[in-house]
Amino acid sequence: MDYNHKDIESRWQKYWKDNNTYKVDIDITRKKYYVLDMFPYPSGAGLHVGHPLGYIASDIFARYKRLQGYNVLHPMGYDAYGLPAEQYAIQTGQHPEVTTRNNIARYRQQLDKIGFCYDWSRELKTCDPEYYKWTQWAFIEMFNHYYDTQLKKAMPIEQLVEQIATKGTKGLTAYCSRELDITPEQWASMSDKEKSDALMNYRIAYLGNTMVNWCPKLGTVLANDEVSEGLSIRGGYPVEQKLMWQWCLRVSAYAERLLQGLDKLDWTESLKETQRNWIGRSEGAEMKFKVADSDVVLDIFTTRADTVFGVTFMVLAPESKYVEMVTTPEQKEAVEEYLQQVKKKTERERMIDKKVTGVFSGSYAVNPLTGKNIPIWISDYVLAGYGTGAIMAVPAHDARAYAFARHFDLPVIPLIEGADVSEQSFDAKEGKMINSSNGEFSLNGLEVKDAIAATKKYIEEKGIGRVKTNYRLRDAIFSRQRYWGEPFPVYYKDGVPQMMKLEELPLMLPEVDAYLPTESGEPPLGRAKNWKTKDGYPIELNTMPGFAGSSAYYLRYTDPHNPDALVSREANNYWHNVDLYIGGTEHATGHLIYSRFWDKFLYDLGVIADDEPFKKLINQGMIQGRSNFVYRIKDTNTFVSHGLKNDYDTTPIHVDVNIVSNDVLDLDKFKAWRPEFADAEFILEDGKYICGYAVEKMSKSMYNVVNPDDIVDRYGADTLRLYEMFLGPLEQSKPWDTNGIDGVNRFIKKLWNLYYKGDQCLVDDSEPSKRALKAIHTLIKKVTYDIEHFSYNTSIAAFMICVNELTADKCHSRQVLNDLVVVLAPFAPHVAEELWHSALNHTTTVVDAKWPVHNDEYLREDEVTYAVSFNGKARFNITVAADMPQDQVQATALADPAAAKWLDGKTIRKVIVVPRKIVNIVVA
RNA sequence: GCUCGAAUGGUGGAAUGGUAGACACGAGGGACUUAAAAUCCCUUGGCCAUUGCGGCUGUGUGGGUUCGAGUCCCACUUCGAGCACCA
């Protein structure tokens, strides 16, 4: 029989399913290995060939590990909550659950065709109440904990309450939004509402009145990672800053641990760097500047404490709380006008508009080192959300302050020797300090680095300031004004938020009559009937954001049906965290930060055993589209082939890549493609119509989407799997080009035809030749190494070489095929399984076989050819016994008649023998 | 602007500091076939030679280290990614 992928693949997929071949359970006799893919959001468009790239890579690794004897957990599920389903629901009125369910069914169908070894009994969906019960639970736990800066971990809020009640807030070691000053007596007399408000300063999940990214078009707030350059990532709509009451997660409390944790992770440097940037640790000092003739003290943050002597003005963010305190009556009108002006601008306008704007507050601050008065300005170039929202401006050594000073004609005092500040500021942190002395304390002559340290020490001693580390990482805004998300397990009693009890969970997402905000502007849940507790208290109307459900899903897979816990201790102790995580880099500052945060929190609670979720992470590259073009001659219906298009005035038109093969257009299919092309005419070259091409994003509108189903149908899943891996290095982005798939398809056919001639199976028990043994053991060695290093493309090249060798050797040895099939099984499981049973007559599945170990014995050569070179230039070859010692190789090379020509009386300075490669003779 | 990564044939891409271009696509030539498809064989970085062996050159640019550099170091160019009024 000829190789028939349809028959083989459907048969084995059914077998695996019927026999639960890939179901795994805790087995303490075997070591575990956990391989995870970033689960997909099931979009309406289905999978294109780019999606399975990472899944195939992880599947290969999972199968490999299993063959090596590990108990491999390899699950799959769906990130089912999300905006597209909701927007579709708004347009059509169809319940998002219905569209989500349909999309999931289609995804599953597509995935099943590719032959993955997922344990589907562990499948999960984030919108499943049995799952989101534990998302809600984690939120409640976050509400009930604070972050202790001394112990560096989350602690129960009751402990904090007790401390405040007995000792007040003085000396608390709790990470907080702002420092409070409450005595035990005051605490005792506070109302429930006041206490609740106070505690919101400490809770890890808290209700905060914070500046948020509000996207009017989407009608919801967005997290920082969902916004780029002032536009929403989804949709690209403008985002404005707005003060709103929102649920937040105190991710910033974990900034240092999130940063430190990166060091021990096996992730790519670039991804770790991205996270480091995002966390944005910066060491500096917080300093106090008294306001002249007032009790107000400005706290500012600076990384350049050394430049205090050059401060010529102060700047406050327009949103800063200080603005009100320092504005003088004379300046009130001007300040208010400026604040109005700033407010009108969107975040994006504020960023794009590089014009220097600002207004004088009327007040002066006192430089703590010089005692001089310096004006306090207000400008939107200072951000309210970073540091203290107030800065000391040193125009000589900061570009933004310089621009500001020049615009408003403020003085510039250079502090570094030789720095020319007549045209621009000198921002570099190097050079010797000048102009920096007040008689008592001097930095003059010091290097910048030493000056920073000296100043920090001095201001701490004098109580003017303190060393402070700031982070750019902000708390995560956790509320979304949407329908299709997890409801908050929160209700309000006299305006005080209360958490539901665990036994009341899951709090099910209610039905609504429409998915839009209510007329009064409440979120869609405002439409739900009886959205209150049984005691009649109103329930929170916001829902949770997308990252809520994806933050701990990897834990749930290890114990997916547990009704009593997110994950049992037993399951967690066995499966631990993810050994290998594969997914796109687009989640670098979103999911991968939140998940680490969530994990660390659960670790603090003692619920799980590891303080990092993903030990090793591989980012597969994006598969881009490869679009094809036809060239229509202007105002005609005639199309000219790519090579001749320059002779005409043409317009390029995208053409469906599925009717193009090797850039040659199928003319009949083109005419049938769209009615307006039915009577198209063509100008051909060499009898063919050659299309142009370009690499673009894979998308419907470019007609360059390739559906994996079509590939599987035509070539088979094994070919698809091999080809996706053969395209290039896993981590690299590359365009999908169906040209070339014939190569790997031919490989499978060659393999098949090596062992089958018609119906006759050629496998025999003959002793394999030396050549065959060398071929197969080279393969085993190479593939083992390559899988460990995720270099799948070179593995596949190794398979091709091996099969070519075996074909040339006419090797039908059972022993050789046995090893070949096992190492092939991770890559092309269906054809491997078929050969395993039909050709080798095994009764177990290849899945349970044992990974072979290569034997160096077979790789050893009898003779080795060395290239003999003189001064690095290759001249001739010598062939000697493989085990000849190096000095003899040298002697042989020098004694060769060909050497005489090059030696020719010259002095030999050195002879270098590189084992099995080169003999280099250095002559002078 | 700062940080990170990349640059190799017509194309995708191989090369622990050791004969650059594995493997595959495409292209050209040939075999089989009435023909096509499929399959198989040969050639395929460039230039020169091709009655022979072969010779020269070549991994974005310019330097350096080394017996020897695609690989290491320095400077530059281009492209990609991340961050970006973060004080």
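So that the names make sense, note that chain A is the first sequence line, chain B the second, and so on, each numbered from 1.
Nucleic acid contact class of A:S282 (heavy atoms, under 4.0 Å, all strands): sugar-phosphate only. At the heavy-atom level, A:R281 lies nowhere under 4.0 Å from the strands shown. Within the nucleic acid shown, A:D737 has no heavy atom closer than 4.0 Å to any nucleic acid atom. Residue-level contact check: A:R909 touches neither bases nor backbone, having no heavy atom under 4.0 Å from any strand.
Looking at A:F309 and A:N367, their side chains never come closer than 4.5 Å, going by heavy atoms from C-beta outward.
Between the side chain of A:R472 and the backbone N or O of A:W278, at least one donor-acceptor pair lies under 3.5 Å.
Using a 4.0 Å cut-off between charged nitrogen and carboxylate oxygen, A:R304 and A:D427 do not count as a salt-bridge pair. Between A:E269 and A:R276, at least one side-chain nitrogen of the basic residue sits less than 4.0 Å from a carboxylate oxygen of the acidic one, meeting the salt-bridge criterion.
The distance between the ring centers of A:F313 and A:F404 falls below 6.0 angstrom.
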remark   = Writing each nucleotide of RNA chain B 5' to 3' as (, ), [, ], | or . by Watson-Crick or G-U pairing under 3.5 Å yields (((((((..(((.....[....)))((((((.......))))))((((.....))))..(((((..]....))))))))))))....
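Donor-acceptor pairing under 3.5 Å is recorded for the side chains of A:T357 and A:Y338. Side-chain N/O atoms of A:T865 and A:N877 include no donor and acceptor closer than 3.5 Å.
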Under-3.5 Å N/O pairs linking protein and nucleotides 14-21 of chain B:
| from | atom 1 | to | atom 2 | distance (Å) |
| --- | --- | --- | --- | --- |
| B:A14 | OP1 | A:N793 | ND2 | 3.2 |

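Annotation: ring pair (Phe, Tyr, Trp, His ring centres under 6.0 Å) contacts of A:Y689 (sequence neighbours excluded): A:F682.
Remark on RNA chain B: of its neighbouring residues A:I741 and A:Y471, the 5'-side contact belongs to A:I741, judged by nearest-heavy-atom nucleotide.
Here A:Y381 does not reach the OP1 or OP2 of B:A87: none of its side-chain N or O atoms lies under 4.0 Å away.
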